[in-house]
Amino acid sequence: LGMDRGLPPPVPGSAARRPSTENMTFDEYVDSHGDEFGRLLALEPADGWDFKREEESVRMFTKHVPGVPHVYFKATSHLQSEKGIAGLLNIMLDTEKRPSWDELCISGMTLQYFPPFYKRSRVRMRSPIAFITPRELVLEGRLRFEGDGALLISIRSVESPDAPMSDEYVRAKFVEGGYIIRPSPGSLTDFSVTWTGCVDPSGWIPARVANLVAVRQGQTLAKLKKFL
């Protein structure tokens, strides 16, 4: 995996590159984060999820995990990408274009990117309620290709010197989650996509609003379908 799959070029950023990416192969790096990908896959089965609604062929669910104060979200749908999984991946990795298909996203910025190992980015999200301060997240994502052709994109929150705190935004935390992309049998352009995770909004926010945002986050798959 590398530039031969059409990944965007590196963005060094000001932070030091993770040492683990310089002294091991990509497969070794992925194996060292096996627990992270395992937690993502554990969110895929239907067990424990409460169906909320279906809009534009996107099914949305929420889940309450014992001991975790924040709601989990999950959205599933089928997406068409004429450029295959590489084309779909490139769109998802283009943080700066995320506002084009994520109506909650105000802006996106790549902070550091060392393909194919990891990418750090900052996204700023609008609040669905006027009196709630908008949120921002600093995210780190990494990839794993499965033997059956599926692609996992694991996402978690990190801190970065390239993204200092802002007085205009509350720094939220993406606890765990990401994307699970599975090619449909016999097709190179049709994919089953699961977008799932848990976000700690931080600061003050009513539980009702937090749950609303969780469900709306799943709707971004519908916007992505139209963008492809």
Side-chain angles (χ1 to χ4, degrees), residues 1-10 18 20-21 24-49 54 56-61 63 72-95 97-98 100-102 110 113-121 139-156 174 176-198 217-228:
L1 175 67
M3 295 307 295
D4 58 322
R5 288 188 181 266
L7 296 178
R18 293 176 66 96
S20 62
T21 67
M24 62 173 65
T25 67
F26 175 66
D27 288 339
E28 290 172 336
Y29 178 76
V30 168
D31 288 345
S32 71
H33 292 279
D35 289 347
E36 192 174 317
F37 290 109
R39 290 194 299 271
L40 171 59
L41 287 171
L43 298 175
E44 186 178 24
D47 298 347
W49 288 97
E54 180 172 345
E56 300 181 80
S57 300
V58 176
R59 293 172 58 82
M60 286 164 277
F61 306 82
K63 182 178 186 177
Y72 280 69
F73 71 89
K74 182 168 74 170
T76 62
S77 190
H78 281 270
L79 273 64
Q80 292 277 342
S81 171
E82 294 304 318
K83 294 183 179 180
I85 201 165
L88 181 56
L89 176 59
N90 278 335
I91 289 175
M92 298 174 107
L93 288 178
D94 194 339
T95 309
K97 288 186 179 178
R98 188 176 183 101
S100 300
W101 53 269
D102 185 344
T110 299
Y113 182 40
F114 286 104
F117 296 100
Y118 70 95
K119 178 175 184 176
R120 288 178 177 171
S121 57
L139 304 171
E140 183 174 87
R142 51 180 57 88
L143 313 176
R144 187 173 88 180
F145 282 89
E146 305 288 84
D148 61 0
L151 169 64
L152 309 181
I153 305 176
S154 175
I155 300 172
R156 63 170 186 151
F174 197 96
E176 62 177 349
Y179 294 91
I180 302 170
I181 305 170
R182 298 190 180 279
S184 299
S187 176
L188 296 176
T189 59
D190 183 74
F191 302 91
S192 172
V193 178
T194 297
W195 164 225
T196 184
C198 176
Q217 187 58 233
Q219 292 176 302
T220 59
L221 281 188
K223 304 294 183 181
L224 180 57
K225 289 177 69 170
K226 296 178 180 180
F227 186 77
L228 288 170

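The figures here come from the full heavy-atom set of this structure, side chains too, leaving out hydrogens, waters and symmetry mates.
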Distance-minimising heavy-atom pair for [X] and [Y]:
{"X": "Leu40", "Y": "Gly178", "answer": "CD1-N, 3.5 Å"}
{"X": "Leu151", "Y": "Leu143", "answer": "CD1-CB, 4.2 Å"}
{"X": "Gly149", "Y": "Pro183", "answer": "O-CD, 3.5 Å"}
{"X": "Ser77", "Y": "Ser57", "answer": "OG-O, 2.8 Å"}
{"X": "Leu43", "Y": "Trp49", "answer": "O-NE1, 3.2 Å"}
{"X": "Arg18", "Y": "Tyr118", "answer": "N-OH, 3.1 Å"}

> Quick one: does Arg156's side chain get under 4.5 Å of Arg142's, heavy atoms only?
Replying inline: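 With C-beta onward as the side chain, the pair touches.
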
>> side chain to side chain contact (heavy atoms under 4.5 Å, CB included), that's the test. Do Leu89 and Leu93 meet it? Break it down for me.
In response: CA-CA 6 Å; Leu89 176 59; Leu93 288 178; 3.8 Å; yes

Pairwise distance [atom1]([X]) to [atom2]([Y]) - rounded to 0.5 angstrom:
{"X": "Ile85", "Y": "Leu188", "atom1": "CD1", "atom2": "CG", "value": "10.0 Å"}
{"X": "Thr21", "Y": "Glu28", "atom1": "OG1", "atom2": "CD", "value": "12.5 Å"}
{"X": "Asn90", "Y": "Asp94", "atom1": "CG", "atom2": "CG", "value": "8.0 Å"}
{"X": "Phe227", "Y": "Arg98", "atom1": "CZ", "atom2": "CZ", "value": "11.5 Å"}
{"X": "Leu88", "Y": "Leu224", "atom1": "CG", "atom2": "CG", "value": "6.0 Å"}
{"X": "Thr76", "Y": "Met60", "atom1": "OG1", "atom2": "CE", "value": "9.0 Å"}

> NZ of Lys225: more than 12 outside heavy atoms within 6.0 angstrom?
Replying inline: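 It does: Lys225 NZ has more than 12 such atoms within range.
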
> Heavy-atom count around Asp148 CG within 6.0 Å, excluding the residue itself: above 12?
Replying inline: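 Result for CG/Asp148: enclosed.
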
Excluding sequence neighbours, so at least two apart, what forms ring-ring contact (aromatic ring centres under 6.0 Å, His included) with [X]?
{"X": "Phe37", "answer": "none"}
{"X": "Phe191", "answer": "none"}
{"X": "Tyr29", "answer": "His33, Phe117"}

> Excluding sequence neighbours, so at least two apart, what forms side-chain hydrogen bond (donor to acceptor under 3.5 Å, both in side chains) with Asp190?
Replying inline: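 For Asp190 the side-chain hydrogen bond (donor to acceptor under 3.5 Å, both in side chains) partners, ignoring immediate neighbours, are His78, Gln80, Ser184.
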
> Which residue pairs pass the salt bridge (charged side-chain N to carboxylate O under 4.0 Å, His left out) test with at least one member in residues 37-46, sequence neighbours excluded?
Replying inline: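 Counting only pairs at least two positions apart or across chains, the salt bridge (charged side-chain N to carboxylate O under 4.0 Å, His left out) contacts touching residues 37-46 are Arg39-Glu176, Glu44-Arg182.
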
> Stepwise, does the side-chain hydrogen bond (donor to acceptor under 3.5 Å, both in side chains) test hold for Lys63 with Thr196?
Replying inline: CA-CA 10 Å; Lys63 182 178 186 177; Thr196 184; over 6 Å; no

>> Run the side chain to side chain contact (heavy atoms under 4.5 Å, CB included) test on Tyr113 and Thr95 for me, step by step, so that the C-alpha distance in whole Å, both residues' side-chain angles and the decisive distance to 0.1 Å come before the verdict.
In response: CA-CA 11 Å; Tyr113 182 40; Thr95 309; over 6 Å; no

> Is there a side chain to side chain contact (heavy atoms under 4.5 Å, CB included) between Leu41 and Arg144 once you walk through the steps?
Replying inline: CA-CA 11 Å; Leu41 287 171; Arg144 187 173 88 180; 3.5 Å; yes

>> Using modelled atom types and a 3.5 Å cut-off, is there a donor and acceptor pairing between side-chain atoms of Lys74 and backbone atoms of Pro45?
In response: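 Yes; judged by distance alone, with no hydrogens or angles, the pair exists.
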
>> According to side chain to side chain contact (heavy atoms under 4.5 Å, CB included), who are the partners of Ile155, at least two apart in sequence or on a separate chain?
In response: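 With sequence neighbours excluded, Ile155 shows a side chain to side chain contact (heavy atoms under 4.5 Å, CB included) to Leu139, Ile153, Phe174, Tyr179, Trp195, given in chain and number order.
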
> Is there a side chain to side chain contact (heavy atoms under 4.5 Å, CB included) between Glu146 and Leu152 once you walk through the steps?
Replying inline: CA-CA 8 Å; Glu146 305 288 84; Leu152 309 181; 3.9 Å; yes

